[in-house]
Amino acid sequence: MYDSIKTELNNGILTIFLNRPDRMNAFTSLMVEELVDVYKKADQDDEVRVIVVTGEGKAFCAGMDLGNGGETFSSTESFDDYRDGGGQVSLVVHSLKKPIIAAINGPAVGIGLTMTLAMDIRIVKKDAKIGFVFAKRGIGPEACSGWFLPRLVGIGKALEWMYTGRYIPTSEALASGLVQYEVDDVLEKAYEIAQMIAGETAATSNRFVRQLLWNMLSENSPSASHLAESKFLWWAGNNADAREGVQSFLEKRSPDFPLKSSDVPDFFHDGRREK
């Protein structure tokens, strides 16, 4: 179905491969369209419990495809109409209701790295070449990284990385909180986490958790979190997943949660959070 990406769905885990290995999976306008499409479809598919994103071949994503030379970043759209493709992808990722893991299996620079910032967990291959190289190309950050990066690593570290455009040692990325794991086999680690999510937890719980934590980043008071948590706990406590979670624990067996992600009401955008 796709030209620049490919997908595999196994046991609730959807793996999305950036699939231009001959170009180190460099980013294109077609990749924007295909990633937006696959993310939206995955979000509506109850068979998908977790999304893992990785690169085909030795690279994750070497950044924007520079095949057009100095005109790579020029646009025929008007100043008011133009929106960067990376940002369009990141906004869709941010709106997802499913956990999403970046398995950064090799070089990830520019958009190759910023596209992962909206994801939940980042796992990087030890000593992979990563960096925010925009200033070295005479352009600026994209993919909503001005919002995501300072929240992940703090304003000082975000500014230093963006100002210098230097490559970031993966050990520094780990210590700064940009990534959660620095390993030799990123897919193995990603699948380890994804399997725990898909096999041991309730889809309803994780849909709410993802929306809760990302939404609360923009709130000024813990009372907003208290209200959302209260409403979900009321809903969950009167539904089958909570009963199964408790009963399976008491019976010392693995849970078999009956509900799906799509069963959860929207506690964040439909007026259920009146203050």
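- Taken from CZ in R166 to CD in E172, the straight-line distance is 4.0 Å, to the nearest 0.5 Å.
- Ring pair W235/F267 is perpendicular by interplanar angle, where above 60° counts as perpendicular and below 30° as parallel.
- For the residue pair E219 and S225, no side-chain donor N or O sits within less than 3.5 Å of a side-chain acceptor on the partner.
- The neighbour count for K129 NZ, taken as heavy atoms of other residues, nucleotides or ligands under 6.0 Å away, does not exceed 12.
- Note that CG of L259 and CG of D46 are 10.0 Å apart. Values are rounded to the nearest 0.5 Å.
- Take W147 and apply the side chain to side chain donor-acceptor pair (under 3.5 Å) test, not counting sequence neighbours, and it matches no residue.
- The two residues E244 and P258 make their nearest non-hydrogen contact at CB-CD, 4.2 Å.
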>> F132 vs Y163, test: ring-ring contact (aromatic ring centres under 6.0 Å, His included). Steps then yes/no.
In response: CA-CA 9 Å; F132 303 102; Y163 283 153; over 10 Å; no
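- Cation-pi check for K189 over Y181 is met; the charged atom lies under 6.0 angstrom from the ring centroid and within 45 degrees of its normal.
- Distance check: C61 SG to R23 CZ gives 11.5 Å after rounding to the nearest 0.5 Å.
- Salt bridge status for K41 with D45: absent, with no side-chain N to carboxylate O gap under 4.0 Å.
- Under the side chain to side chain contact (heavy atoms under 4.5 Å, CB included) criterion, T201 pairs with R49, I197, N206, sequence neighbours left out.
- Checked against side chain to side chain contact (heavy atoms under 4.5 Å, CB included), D127 has the following partners two or more places apart in sequence or in another chain: T170.
- The CG atom of L113 sits 8.5 Å away from the CZ atom of R122 when rounded to the nearest 0.5 Å.
- Classification of D184 and K126 as a salt-bridged pair fails, no side-chain N sitting under 4.0 Å from a carboxylate O.
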